[in-house]
Each structure stands twice: as C-alpha cells, then as structure tokens.
Amino acid sequence: MKTKIFALVDCNNFYVSCERVFRPDLKNKPVIVLSNNDGCAVARSNEVKALNISVGTPVFKIADLIKKHDIQIYSSNYALYGDMSERVMNTISSFVSSIEIYSIDEAFLDLSDISETEITNFCKKIQQTVYQWTGIPVSIGIAETKTLAKIANRIAKKSKKAKGLLDLTQSPYINHALEITDVEDVWGVGRQYGKFLKKHGILNALQLRDAAHYLIRKKMGICGTKMQNELKGKSCFPLETNPPAKKGITVSRTFKKAVTNIKDIKEAIATFVSRGGEKLRREKSVAKLMIVYISTGRFIDKTYCASKAISLPVPTNNTPELICYAMDAIEKIFRQDFLLKKAGVIFQELAPENSYQTGLFDRIDRKKSKKIMTSLDAINKKMGAGTLKYAATGLNPSPKWRTVFNMRSPAYTTDWNQLPCV
DNA sequence: TCTGGGGTCCTAGGACCC
DNA sequence: TCTGGGGTCCTAGGACCC
C-alpha cells in the first residue's frame, strides 16, 4: 500500500490577517484581536508575539505595552472571520479532492496522489493562490501523519528559510525537526501532560517519540500511544472528510458587568436559548436534554454556580417551547445577592430531526411549529440576525448584559452597508 | 475597574444485571 | 445463608483541541 501523505494548511495569525486584508496599513505593525467583551488577546501578529505577549492575556494587564508599542487593538469580528474562512477553504478545495476542514483557520489535505517530486510545487501553488484570491497568508506542513504535518507546519511558520512551506516526508532532517520541537508543542500534549513529561526528562518531540511506551500509555491513555506512533510515521488519525454530527451545542456568555436581577438573567438566557435553537435547526437536530446554568465570576471570593438539567418530554428544537422550560429552570436556580458574571445553555443528547420518538401525550402541533421556525430562520437570514425575536429575549436594544465589542472593524464582506470604499 | 467561547474524547468507578 | 465472576451502561472528571 502506498503511504499516505498529509498536508496541514494553516492561516498565519488568522484573525489579525483578516483585519489586515482590509487595512493594508496594518502590515508590519503590532496588532491584537480580542475575545468577547474585549477581554483577552486571542490573536496576535508576529510583532506582538515577539513582545512575549501570550495568547489569553487580559488586555488590562498589558495596557502599558500597548501604549508603548502603539499596538493596534481590535474586537472580534466573527462575521468577517467566518466569511474569510469560507473563502480560504473554498480556494484550497479547488485543488484537492480530499479535505478536512479542521478549524476556522486550518485544513488537512490528503496529498497521497501527488507525485513526490511535485508536492512542493503543488503546495506553493496553493499558497500563492490563497493569498492572491483572499489576501490571507498560509503556511503548509507536509508529512506522513497528521501529527508530523502539524510539526512541519510549526517549523514552516517559524523558519525564515522555509518560507511557510516544509515537507518532512522521507526527510533526513526528521530527527532534527523533532528535536527542536518542544514537547508541549506536540499536538495532543497540553499543559498537564507537558509538566508530567518534562518531570520525566522528556523535553522535546524526539524524546517523546522514543520514550518508554508503558509510561506514555499509562499516563496519557490510548491517545498517548497513538501520538507516539504518529511521531514514528505510522498514521493513526485518518482524514475526516465528512464531519460527524455534533453531540452537543452550547451558547454561553460572560457579562462585562455583573448582573444581579432575575429579569436580566431571564432575558439573557432566553436570548441564548434562541441562538441555540437556531443552531439546532441548522444542524437538523433536536435535543433531548437542555441544561441551563448561571455563575459568578472566577476571580471573586463569594462564588455561586448552579445548573438545572431539563429532560425534554419530546425532543425538540422549537425555540418558544425551549424558552418556557428555561425560564422555569432559572426561577429555580436564581439567587439574589450574587454578582452573576456568566450564564449559558447546553443542549445534549441530540438526535436527527426526522427520526425522534414522539410523545403519546404531546399537545404541541409540531408540523405547525416547525413551519413557524423555518419562516423565522429564513427571515432572520435575509433581513439580518434578530429581525424577528421573542419578547422574552428583551426589548431593550442594548441591555446591560449584552456583549461589548467597542473596537470592531466593519463587516466588510457580509453587509452591503459596510463594504469598503475605494 | 478590567480575565472568551465552543467543542471532543478517554478513563475510572459505581450501579446494575445475569 | 453464603459465595464468584463477567458484562454493560452511565457519569463525573480530566485531559485535550481551536
């Protein structure tokens, strides 16, 4: 059997690159994109990485650095990033028959059919085309397994010589590549495992590959074994071209300012439930279980968190029905005197919309409610999110609990009113 | 003062059944 | 009344990913 060849295409500093496409003046300047509520740094340009600002740093902790280096700060603009991602993925897809869209900014490709001598040129072509068509710079790592392709990609990004492209298949430098890869940078090794491995003298990917099998198996389970095999060039993670159905759907938000009254919490939860209902319907799923939760912040003394799970008598994705149950649940778990900072709803035990168990005593006309939901989704899609909404979600256009994005760029590509002007 | 959101998988242990 | 073993299912917790 011919050995598999995987490529990992990864957008460089994706959110920052999206902002730069429409603001070319930001090139070579330090840029940060923030999380919801403008809280933490979630994307950093190379200039910012060079300042040792790590991902997840709260922005208030680096106020002085921002000022000193004139770092450009942006709120998250998911409409823009989602659309740019689609353009990038469509472009890559036009080159290959097998693609796994792994995240908003990464895709694995199967290049087994490309002849060895052609692979580098083929990938260069992908790189150039993506940049030309979308303005997004990408790096590509190539190897016999996904884990090695990840490593190749990391090095491709960092090394000046590689110019964003590195092929480690049959490479005489493979050991060297593994040796210069910190063990914590291996795909599947996080903080905890990293600490453990380093304690045992396993500092880099090469040492991890050659480490005692029983030790890795015992601590990291079957994933550890697969990881070692992948580092040896034996593929254990195949390309997943058809994403499996989701197993759960969550909608949750942190509030910029703490919320203390039940009316606000109810509005927030009703809003999250509506959003969750939309997501369920888009997936063509119904939920059997809904969990509603509220909590105080993590950084205070007097904490409180509570949740309520609701087993739905008939699995559903019907927003008003879900809102009713959620409102009941909130009544039960809400406590005065706590500064609530976060709330959310989780849908679990999902089933396909068309093949669920109906209830014997079900009094809801499900055909009718489905029609209403379909129309509502269609109108909101056409006229903009939130055009039609339920009164329970609140009538105030900017309620206290609303997520803030004070430094957001325009939705350049998805809103006629925000198109860039030349 | 100010600290994100949405996922997946594996494992150990307990309950329960035969 | 005492004794054994094997299997399945569920759940909570812990790890990871982006």
Side-chain angles (χ1 to χ4, degrees), chain A residues 8-11 13-15 32-44 53-64 66 73-78 81-82 85 89 100-108 146-147 150 153-154 183-197 216-227 236-237 240 243-258 272 275-276 279-280 282-283 289 291 293 295-300 303 307 309 311 339 341-350 403-408:
Chain A
L8 174 65
V9 185
D10 191 324
C11 302
N13 319 324
F14 182 55
Y15 293 178
I32 288 178
V33 174
L34 301 175
S35 63
N36 280 1
N37 288 317
D38 298 334
C40 302
V42 291
R44 305 150 297 148
I53 295 173
S54 49
V55 66
T57 309
V59 70
F60 70 85
K61 285 191 178 170
I62 47 170
D64 46 340
I66 292 171
I73 306 286
Y74 284 87
S75 303
S76 291
N77 185 344
Y78 301 115
Y81 311 149
S85 171
M89 297 306 169
E100 173 186 345
I101 297 172
Y102 178 67
S103 74
I104 193 164
D105 70 337
E106 283 171 78
F108 285 104
K146 284 180 163 182
T147 306
K150 275 264 183 190
N153 192 294
R154 262 191 77 81
V183 74
E184 270 190 42
D185 294 329
V186 175
W187 195 36
V189 177
R191 275 263 258 301
Q192 300 304 315
Y193 290 156
K195 229 192 272 174
F196 169 86
L197 293 168
I216 304 302
R217 175 68 178 85
K218 185 151 186 267
K219 180 73 181 176
M220 302 170 69
I222 191 71
C223 290
T225 300
K226 287 186 178 177
M227 190 183 302
C236 297
F237 304 121
E240 309 266 4
K246 280 199 170 48
K247 307 206 161 155
I249 286 175
T250 305
V251 181
S252 72
R253 292 290 180 275
T254 299
F255 309 124
K256 183 91 182 170
K257 280 192 176 159
F272 304 159
R275 189 76 247 290
K279 288 188 181 186
L280 282 169
R282 196 182 345 128
E283 289 275 315
L289 186 71
I291 301 157
Y293 70 90
S295 74
T296 56
R298 291 170 295 162
F299 306 102
I300 58 169
T303 59
S307 66
S311 274
L339 300 169
K341 278 286 278 184
K342 187 172 181 179
V345 59
I346 304 168
F347 296 104
Q348 285 183 344
E349 295 179 32
L350 307 189
T403 314
V404 301
F405 301 93
N406 285 331
M407 293 158 283
R408 185 148 66 187

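Every chain is numbered from 1, with letters handed out A, B, ... down the list of sequences.
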Subject >> Distance-only polar pair, side chains of A:Ser75 and A:Asp38, donor-acceptor under 3.5 Å >> reply: yes

Original post:
Should A:Thr250 be listed as having a side-chain N or O under 4.0 Å from OP1 or OP2 of B:dG5?
Top reply: no

Original post:
Counting side-chain heavy atoms from C-beta on, which of C:dC17, B:dG4, B:dG7 comes nearest to A:Lys246?
Top reply: B:dG7

Original post:
Taking only N and O in the side chain of A:Lys247, is any of them less than 4.0 Å away from OP1 or OP2 of B:dC9?
Top reply: yes

Original post:
Does a nitrogen or oxygen in the side chain of A:Lys256 sit under 4.0 Å from OP1 or OP2 of B:dT1?
Top reply: no

Original post:
In whole angstrom, what separates A:Ile222's CD1 from B:dT11's P?
Top reply: 7 Å

Original post:
Could you give the CG-to-C1' distance, from A:Leu289 to C:dC10, as a whole number of Å?
Top reply: 13 Å

Original post:
Between A:Lys256 and A:Asn37, what is the shortest heavy-atom contact and its length?
Top reply: NZ-O, 2.9 Å

Subject >> Watson-Crick or G-U wobble mate for B:dC18, both contacts under 3.5 Å >> reply: C:dG5

Subject >> Of the listed nucleotides B:dC2, C:dC17, B:dG6, the one nearest the side chain of A:Phe60 >> reply: B:dC2

Original post:
Closest nucleotide of DNA chain B for A:Tyr78 versus for A:Lys218: which of these residues is on the 5' side?
Top reply: A:Tyr78

**OP:** Side chain of A:Cys223 only, please: which of C:dA15, B:dC2, B:dC10 is the nearest?
**Re:** B:dC10

Subject >> Check against side-chain contact (heavy atoms from CB on, under 4.5 Å), A:Asp10 and A:Tyr102 >> reply: CA-CA 10 Å; A:Asp10 191 324; A:Tyr102 178 67; over 6 Å; no

**OP:** Determine the contact category for A:Lys150: base if any of its heavy atoms lies under 4.0 Å from a base atom, sugar-phosphate if only primed atoms, P, OP1 or OP2 are that close, otherwise nothing.
**Re:** sugar-phosphate

Original post:
In whole Å, what separates the P atom of C:dC18 from that of B:dT3?
Top reply: 25 Å

Subject >> Ring centroids of A:Phe299 and B:dT3 base under 5.5 Å with planes under 30° >> reply: yes

**OP:** Compare the minimum distances between each of B:dT3, B:dG4, C:dC18 and the side chain of A:Tyr102, then state the nucleotide with the smallest one.
**Re:** C:dC18

Subject >> Interatomic distance, A:Ile216 CD1 vs B:dC10 P [rounded to whole Å] >> reply: 18 Å

Original post:
Which part of the nucleic acid, if any, lies within contact of A:Asn37, taking any heavy atom under 4.0 Å across all strands shown: a base, the sugar-phosphate backbone alone, or nothing?
Top reply: nothing

Subject >> Mutual orientation of the aromatic rings belonging to A:Trp187 and A:Phe108 [parallel < 30°, tilted 30-60°, perpendicular > 60°] >> reply: tilted

Subject >> Out of C:dC18, B:dG4, B:dT3, whichever nucleotide has its closest atom nearest the side chain of A:Ser103 >> reply: C:dC18

**OP:** Map A:Val55 and A:Gly221 onto DNA chain B by nearest heavy atom, then report which one ends up closer to the 5' terminus.
**Re:** A:Val55

Subject >> Sugar-phosphate only, base, or nothing, as touched by A:Ile249 at under 4.0 Å among non-hydrogen atoms >> reply: sugar-phosphate

**OP:** Indicate, with a heavy-atom threshold strictly under 4.0 Å, whether A:Gly248 touches base, sugar-phosphate, or nothing.
**Re:** sugar-phosphate

Original post:
How long is the line joining CD1 of A:Ile300 and P of B:dT3, in whole Å?
Top reply: 11 Å

Original post:
For the pair made of NZ in A:Lys219 and P in B:dC9, what is the distance, rounded to whole Å?
Top reply: 22 Å

**OP:** Mind calculating the distance between NZ (A:Lys341) and P (B:dG4) to the nearest angstrom?
**Re:** 8 Å

Original post:
What does A:Lys226 touch in the nucleic acid at a heavy-atom separation under 4.0 angstrom: a base, only the sugar-phosphate, or nothing?
Top reply: nothing

**OP:** Tell me what A:Val251 touches on the nucleic acid: a base, only sugar-phosphate, or nothing, going by heavy atoms under 4.0 Å.
**Re:** sugar-phosphate

**OP:** Please say whether the positively charged group of A:Arg408, taken as NZ for Lys or CZ for Arg, lies over the ring of A:Phe405, i.e. under 6.0 angstrom from the six-membered ring centre and within 45 degrees of the axis.
**Re:** yes

Original post:
Using a cut-off of less than 4.0 Å, is there contact between a side-chain N or O of A:Arg217 and OP1 or OP2 of B:dT11?
Top reply: yes

**OP:** Consider the side chain of A:Lys279, meaning its heavy atoms from C-beta on, and name the nucleotide among B:dG5, B:dG7, B:dG4 that approaches it most closely.
**Re:** B:dG7

**OP:** Starting from C1' on C:dC17, measure out to CZ on A:Arg191 and report it in whole angstrom.
**Re:** 14 Å

Subject >> B:dG6 phosphate, OP1 or OP2, under 4.0 Å from A:Ser252 side-chain N/O >> reply: yes

Subject >> A:Phe196 six-ring face occupied by A:Lys219 cation (under 6.0 Å, within 45°) >> reply: yes

Subject >> Side-chain donor or acceptor of A:Arg154 paired with backbone N/O of A:Asp185 under 3.5 Å >> reply: no

**OP:** Ignoring the backbone of A:Asn36, work out which of B:dT3, C:dC16, B:dG4 is nearest its side chain.
**Re:** B:dG4

Original post:
Between C:dC18 atom P and A:Lys146 atom NZ, what is the distance in whole Å?
Top reply: 12 Å

